[in-house]
Student: 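There's a structure below that I have some questions on.
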Amino acid sequence: MTIRIGVIGAGGMGREHIKNLAAIDGVEVMVVADIDATAALDAAGLCDAAASTDAADVAADSRLDGVVIASPDDTHADLTIVAVERGRFVLCEKPLASVVADAERVVAAEATAGRPLVQVAFMRQYDPAHLQVRSAMNDLGLVRHVRAVHRNTNHQWERPLDLVLSQSLIHDVHTARWLTGTEFSSITTQVVSGPRPVEHVVLLGVMADGSTVTIEFVEAAYGYDVELEVTCERGMVTAPQPAQPVVRSEGAAHQHVGDDWFGRFSEAYRLEAEDWIAGIRAGEVRGPTSVDGLTAQRVVDAAIRSAVSGEREQV
Ligand code: ISE
């Protein structure tokens, strides 16, 4: 049976999903929507799809089995709800919503639909390096500490703290929940501003089982770089960096780091797309759920409160 997909949002992430979905046997990307007609046409051309400028129309399209939502963050919740109310499967880019109340509306709509339909694109769960960490943890006993470092090269952006948290660190929040299997109970935020409103953020989370999490974000000039380290009762595991050749020339040795997430997580995006489609075929959601999206948003909300109050905040 052919699985018919609509993609909303023809920016970088929308195009990444189109490329990966169109490469899967038995998948047809039927329509691509973007408010910018030229961008919609261009992205639709990647997979011979129709182009549309009406996102809500695509979310409601009864010919589709699934809808990918990769439009601006503040449109995610409403478009997801339109699709869910019509029984469509959704792969929604993170964040599920820009505020907790909207994420709660999505979870409520899915409950009313009576079956799981929404996957949130926390794609690190599919990253081979993250999966290796998780599997190595099996022999090391209980988790005591998770340390995540997230370095971005968004030099052109001047993001305020709420966007750094809801667009970037929300990934690390989800990773910590996924790896520890428990929830954040409190969080403390420290922010350092410089030329940009946010140069460096450190989050210290205490989990419900007493383990701790530190998440650091830095605007880095040299490249996009993500690190993960988990300390358990009987050992410690770090995520391997993607394999890259070491090139020696002109008296120096070089190893490519890359400057965006499309390179670093290309395999994760590909595996995420395959698993989402396999889930649609089986009539289930296999990856991170709407409740994961909502829970991560609540942690982000508490982190924002902590930055304002200067205190440790309950999640
Ligand atoms: C971006 O939106 C992403 O989703 C990337 O995965 C993340 O690492 C980056 O910080 C975000 O800006």
Side-chain angles (χ1 to χ4, degrees), residues 7-20 68-77 80 91-98 103 119-131 133 146-179 189 191 196-203 213-229 239 241-242 257-273 276 287-288 292-293 296-297 299-300 303-304:
V7 175
I8 300 175
M13 269 327 301
R15 295 172 71 97
E16 181 76 16
H17 289 304
I18 291 169
K19 184 189 80 189
N20 288 325
V68 173
I69 298 178
S71 44
D73 298 353
D74 59 358
T75 65
H76 289 182
T80 301
L91 177 62
C92 180
E93 265 308 320
K94 38 60 40 181
L96 177 59
S98 13
Q119 176 163 337
V120 178
F122 289 127
M123 80 300 177
R124 291 183 184 186
Q125 225 176 287
Y126 295 94
D127 173 50
H130 281 64
L131 287 166
V133 168
V146 174
R147 175 177 166 264
V149 184
H150 192 145
R151 300 186 189 88
N152 257 40
T153 41
N154 295 326
H155 314 300
Q156 72 283 25
W157 301 351
E158 296 264 316
R159 293 188 300 172
L161 179 68
D162 60 331
L163 291 190
V164 170
L165 288 165
S166 69
Q167 295 178 336
S168 294
L169 295 188
I170 199 161
H171 279 296
D172 306 274
V173 165
H174 177 73
T175 301
R177 295 182 55 245
W178 172 59
L179 290 176
T189 307
V191 183
R196 281 175 288 254
V198 176
E199 293 289 341
H200 186 187
V201 183
V202 181
L203 304 180
V213 173
T214 45
I215 299 175
E216 274 192 64
F217 174 85
V218 187
E219 295 280 7
Y222 71 91
Y224 178 76
D225 211 359
V226 163
E227 282 178 60
L228 175 64
E229 176 185 298
Q241 291 300 317
V257 174
D259 61 8
D260 67 29
W261 45 93
F262 296 110
R264 169 65 185 80
F265 287 111
S266 61
E267 185 64 358
Y269 292 127
R270 196 183 66 71
L271 294 170
E272 174 186 63
W276 181 56
D292 288 321
Q297 197 68 39
V299 178
V300 163
I304 295 171

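Atoms within each ligand, like the ligands themselves, are counted from 1 in listed order. Everything quoted here is computed from the prediction, not taken from an experiment.
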Student: Where is the nearest protein heavy atom to atom 10 (O) of ligand 1: which residue, which atom, and how far?
Tutor: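 In this structure, atom 10 (O) of ligand 1 has S168 OG, 2.6 Å as its nearest protein heavy atom.
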Student: Can D172 and R124 be said to form a salt bridge (charged side-chain N to carboxylate O under 4.0 Å, His left out), step by step?
Tutor: CA-CA 9 Å; D172 306 274; R124 291 183 184 186; 2.9 Å; yes
Student: Heavy atom to atom 8 (O) of ligand 1, shortest distance: which of F262, Y224, W261 holds it?
Tutor: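 It is Y224 that holds the nearest heavy atom.
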Student: In Å, rounded to the nearest 0.5 Å, how long is the span from CD1 of I170 to CZ of F122?
Tutor: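 With rounding to 0.5 Å, CD1 (I170) is 4.5 Å from CZ (F122).
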Student: Please report the interatomic distance NE2(H171) to CZ(F217), rounded to the nearest 0.5 Å.
Tutor: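 Going from NE2 on H171 over to CZ on F217, the span is 11.0 Å.
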Student: Does some side-chain heavy atom of L161 sit less than 4.5 Å from a side-chain heavy atom of V201?
Tutor: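 Yes, at least one pair of side-chain atoms sits under 4.5 Å.
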Student: Would you name the heavy atoms of E219 and V198 that are closest together and state the gap between them?
Tutor: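 Answer, listing the atom of E219 first, then V198: CG-O, 3.7 Å.
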Student: What residue among R177, Q125, K94, Q119 forms side chain to side chain donor-acceptor pair (under 3.5 Å) with D292?
Tutor: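 Option passing the side chain to side chain donor-acceptor pair (under 3.5 Å) with D292: R177.
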Student: Would you mind running through ligand 1 and noting each atom that sits below 4.0 Å from a heavy atom of M123?
Tutor: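 Under 4.0 Å from M123, ligand 1 has these atoms: 6 (O).
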Student: Which atoms of ligand 1 are found less than 4.0 Å from any heavy atom of R159?
Tutor: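 Ligand 1 atoms under the 4.0 Å threshold to R159: 12 (O).
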Student: Would Y269 count as being in polar contact with ligand 1, using the rule that some N or O on each side must be under 3.5 angstrom apart?
Tutor: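 No, Y269 has no N/O under 3.5 Å of an N/O on ligand 1.
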Student: Specify the protein heavy atom at minimum distance from atom 4 (O) of ligand 1: its residue, its atom name, and the distance to 0.1 Å.
Tutor: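 Residue, atom and distance for the closest contact: K94 NZ, 2.8 Å.
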Student: Looking at ligand 1, would H150 count as a contact under a 4.0 Å heavy-atom criterion?
Tutor: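 Within the 4.0 Å threshold, so yes.
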Student: What verdict does the side chain to side chain contact (heavy atoms under 4.5 Å, CB included) test give for H17 and E272, after you've listed the backbone C-alpha separation in whole Å, the side-chain angles of each residue and the deciding distance to 0.1 Å?
Tutor: CA-CA 9 Å; H17 289 304; E272 174 186 63; 3.5 Å; yes
Student: Does the residue E93 have a heavy-atom contact with ligand 1, meaning some pair of atoms that are separated by less than 4.0 Å?
Tutor: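 Heavy atoms of E93 never come under 4.0 Å of ligand 1.
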Student: With heavy atoms only and a cut-off of under 4.0 Å, state how H171 meets ligand 1: side chain, backbone, both or neither.
Tutor: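 It is the side chain that touches ligand 1; the backbone stays farther off.
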